[in-house]
Amino acid sequence: HDYTLAGGHLAGATAITIDPISFTSGNDLQEAARYDVQFYLKDAAGNERSLYSVRTDNYFDSTKPRIATATSTETNGTYKIGDDLDVKLTFSEGVFTNGAIRVTFETGDTDQTVDVGVFGSYGDRKTFVDFVYTVQEGNITDDLAIQSIAMVSGNIIDLGYNSLDTYTLTGNNIDDAKTLDIDGVRPTVTTITSEKADGTYGLGEEIAVKATFSEAVTLSGGDFVITMQMDGTDRDVTISAIAGATEATGTYTVQAGDASGDLTAASVSTTGQIEDAAGNLMDSFTIGTNLAASKALVIETTPPTVTNITSTTNNGTYGVAANVNVTITFSEAVTLSGAGAKLTVPLETGATDASVEITSVSNSTTASGTYTVAVDHTTAGADLEAKAAPTLAGTLKDQAGNEIVTLAIPNGQNLDDLKNIKIDATYPTITNVTSDVADATYKIGDIIDLDLTFSEEVTLAIGTLDLVLNHGNALNNP
């Protein structure tokens, strides 16, 4: 192939560039062909000097390099945080770089980049480059692929010093030949909840507490612990086995002293390790939605007590057949249950003590019964009182299910402390009949005063008191 430089090409120049070039003889140069370049000089008179300068082993290369494929030698499967994956970029021809290549992988919300440093040289051009992609936290894709390739700096250069300017792959991406599942997301606790009905629960009650995870997890080397928050000492719910599950359930049993106005978890933790299917360890134990957000479970373990014994009956003195109310007041609402269940309040009523039986109490802070005064009952001038603490047959529980432990009446809170009710059901009697008239014989018309003494003070009302005297003449009775 010949090309003749005219004299004008050389005027005032030290370097000549001819582009495009049309040879004066021979066809166009062939792509990737090897050429030797020879220069001939002629002066104005036609004198020629041949082979003035010879350059051998020149190659004609006008095609810019391309990135052909992206592949990996890794086995199909799932890879976790920290795993290294080999990746290979193959080029359309031998190249070298004078800067860094940035490879961006499609990895979910935040795409992951890897910078590939300078490689090769003009004399040592490479048709591929290997590098490592390390799974970072947050990376997620079910089929790893390269999203884009660009230069951070410099160029990718071929034999003819052509720089790559199109960075799309001409062939397969990684996902065309491989299925590399990237799981760079650690498992978390999304919710703590319970299927227990909203309500108030007391001593001994069992409440199933369920943890839900963001993905299936497995527990190893220890326990998963849900710590329930109490007003006093927190309680642990221990779960010993979780195998490839998105949920784990344990039981919280209400213990003495537990109290919570709205049961919730104080924290979750593990004495071992929890990992997902890819092997990512749970390292954050923050609870997404806690128990109290979805349930209203009240924990109350204080047993009910007797506050006082009183009466709705007015103060006063009551006799035979009178009805007197007797009311037990409790520290909280209670319910009486069980076969033959009853509360019995013993009353101090003299030689024969009375008692009041109460057979029905339903979610109430009071329990009432009626004492009917019987003949000969008396408080001997004192106020009516409960002779002893009430007795219980059956069970008496509060709303939380806590059973009453003692029915003792607090000091100063008995019936006689709060009311002034007296019982007098003993009939009065004539204890003595006498006269202040001297012993003698009396005739018709004489007046003899008679004095009656009663067992207690009495009042004659709406009637008369008639005495029958034994004097031998029934017709002369007063």
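In this chain, residues are counted from 1 in sequence order. Values reported hereafter were calculated over all heavy atoms of this structure, with side chains retained and with hydrogens, waters and symmetry mates removed.
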For the residue pair [X] and [Y], what are the closest heavy atoms and their distance?
| X | Y | value |
| --- | --- | --- |
| Gly117 | Thr97 | O-OG1, 4.1 Å |
| Gln229 | Asp234 | CA-OD1, 3.4 Å |
| Ile309 | Pro390 | CD1-CG, 3.8 Å |
| Ser163 | Ile157 | OG-CG1, 4.0 Å |
| Ala389 | Ile409 | CA-CD1, 4.2 Å |
| Thr249 | Ala208 | CG2-CB, 4.0 Å |

Could you tell me the separation between the [atom1] atom of [X] and the [atom2] atom of [Y], rounded to the nearest 0.5 Å?
| X | Y | atom1 | atom2 | answer |
| --- | --- | --- | --- | --- |
| Ile404 | Ser331 | CD1 | OG | 7.0 Å |
| Ser62 | Asp158 | OG | CG | 9.5 Å |
| Ile430 | Leu452 | CD1 | CG | 4.5 Å |
| Glu348 | Thr378 | CD | OG1 | 9.5 Å |
| Ile81 | Asn280 | CD1 | CG | 4.0 Å |
| Phe91 | Thr127 | CZ | OG1 | 9.0 Å |

Taking the side chain as every heavy atom from C-beta outward, state whether [X] and [Y] have any pair of such atoms under 4.5 Å apart.
| X | Y | value |
| --- | --- | --- |
| Leu347 | Lys387 | no |
| Gln413 | Leu418 | yes |
| Asp130 | Asp86 | no |
| Leu164 | Met151 | no |
| Asp466 | Val468 | no |
| Ile192 | Val268 | yes |

Please indicate whether [X] has more than 12 foreign heavy atoms, meaning atoms of other residues, nucleotides or ligands, lying under 6.0 Å from its [atom1].
| X | atom1 | answer |
| --- | --- | --- |
| Phe128 | CZ | no |
| Asp198 | CG | yes |
| Lys422 | NZ | yes |
| Asp124 | CG | yes |

Is the closest side-chain donor-acceptor distance between Thr307 and Thr329 under 3.5 Å?
no
Under the side chain to side chain contact (heavy atoms under 4.5 Å, CB included) test against [X], which residue among [options] passes?
| X | options | value |
| --- | --- | --- |
| Ser311 | Asn325, Leu384, Thr327 | Asn325 |
| Ile156 | Asn98, Asn162, Ile149, Val95 | Val95 |
| Leu85 | Ile174, Thr73, Val132, Val135 | Val135 |

Counting distance only, does the side-chain N/O of [X] pair as donor-acceptor with the main-chain N or O of [Y] below 3.5 Å?
| X | Y | result |
| --- | --- | --- |
| Asp276 | Ala278 | yes |
| Arg186 | Met282 | no |
| Ser364 | Thr366 | yes |
| Lys419 | Thr313 | yes |
| Thr270 | Gly272 | yes |
| Thr107 | Gln112 | yes |
| Asn139 | Gln136 | yes |
| Thr212 | Thr190 | no |
| Asn172 | Thr69 | no |

Evaluate the criterion side chain to side chain contact (heavy atoms under 4.5 Å, CB included) for residue pair Lys80 and Asp183; output intermediate values, then yes/no.
CA-CA 5 Å; Lys80 66 182 185 301; Asp183 181 357; 5.9 Å; no
Let's go through Asn315 and Ile421 carefully: what are the C-alpha distance in whole Å and the side-chain angles of both, what is the deciding distance for side chain to side chain contact (heavy atoms under 4.5 Å, CB included) to 0.1 Å, and is it a yes or a no?
CA-CA 5 Å; Asn315 293 334; Ile421 296 173; 4.3 Å; yes
Checking Tyr201 now: which residues fulfil ring pair (Phe, Tyr, Trp, His ring centres under 6.0 Å) with it, not counting sequence neighbours?
none
My understanding is that only residues two or more places apart in sequence, or in another chain, count here; which of them pass ring pair (Phe, Tyr, Trp, His ring centres under 6.0 Å) with Tyr371?
His377
Expected list for residues 291-304: side-chain donor-acceptor pairs under 3.5 angstrom, two or more places apart:
residue, atom, partner, partner atom, Å
Ser294, OG, Thr193, OG1, 3.4
Ser294, OG, Leu291, O, 3.4
Lys295, NZ, Lys196, O, 2.7
Glu300, OE2, Thr302, N, 2.7
Thr301, OG1, Gly257, N, 3.1
Thr301, OG1, Asp258, N, 3.2
Thr301, OG1, Asp258, O, 2.8

List the steps and the verdict of side chain to side chain contact (heavy atoms under 4.5 Å, CB included) for Met228 and Val209.
CA-CA 9 Å; Met228 308 308 296; Val209 180; 4.3 Å; yes
Results of side chain to side chain contact (heavy atoms under 4.5 Å, CB included) for Val375 - residues two or more places apart only:
Val320, Tyr427
Is it the case that the ring center of Tyr133 lies less than 6.0 angstrom away from the ring center of Tyr79?
no
Salt-bridged, Lys178 to Glu74, with N to O below 4.0 Å?
no
Walk me through whether Glu456 and Asp424 qualify under side chain to side chain contact (heavy atoms under 4.5 Å, CB included).
CA-CA 11 Å; Glu456 57 184 310; Asp424 182 0; 3.3 Å; yes
For the residue pair Phe105 and Phe131, categorise the inter-ring angle as parallel (less than 30°), tilted (30 to 60°) or perpendicular (more than 60°).
tilted
Please table the atom pairs, donor to acceptor, closer than 3.5 Å between any side-chain atom in residues 393-401 and protein atoms at least two apart or in another chain.
residue, atom, partner, partner atom, Å
Thr395, OG1, Ser337, O, 3.4
Thr395, OG1, Ser337, OG, 2.8
Asp398, OD1, Ala400, N, 3.0
Asp398, OD1, Gly401, N, 2.9
Asp398, OD1, Asn402, N, 2.7
Asp398, OD2, Asn402, ND2, 3.1
Gln399, NE2, Asn363, OD1, 3.3

Indicate every side-chain donor-acceptor pair of residues 215-223 with a distance under 3.5 Å to a residue at least two apart or in another chain.
residue, atom, partner, partner atom, Å
Thr218, OG1, Gly244, N, 3.0
Asp223, OD1, Ser240, OG, 3.2

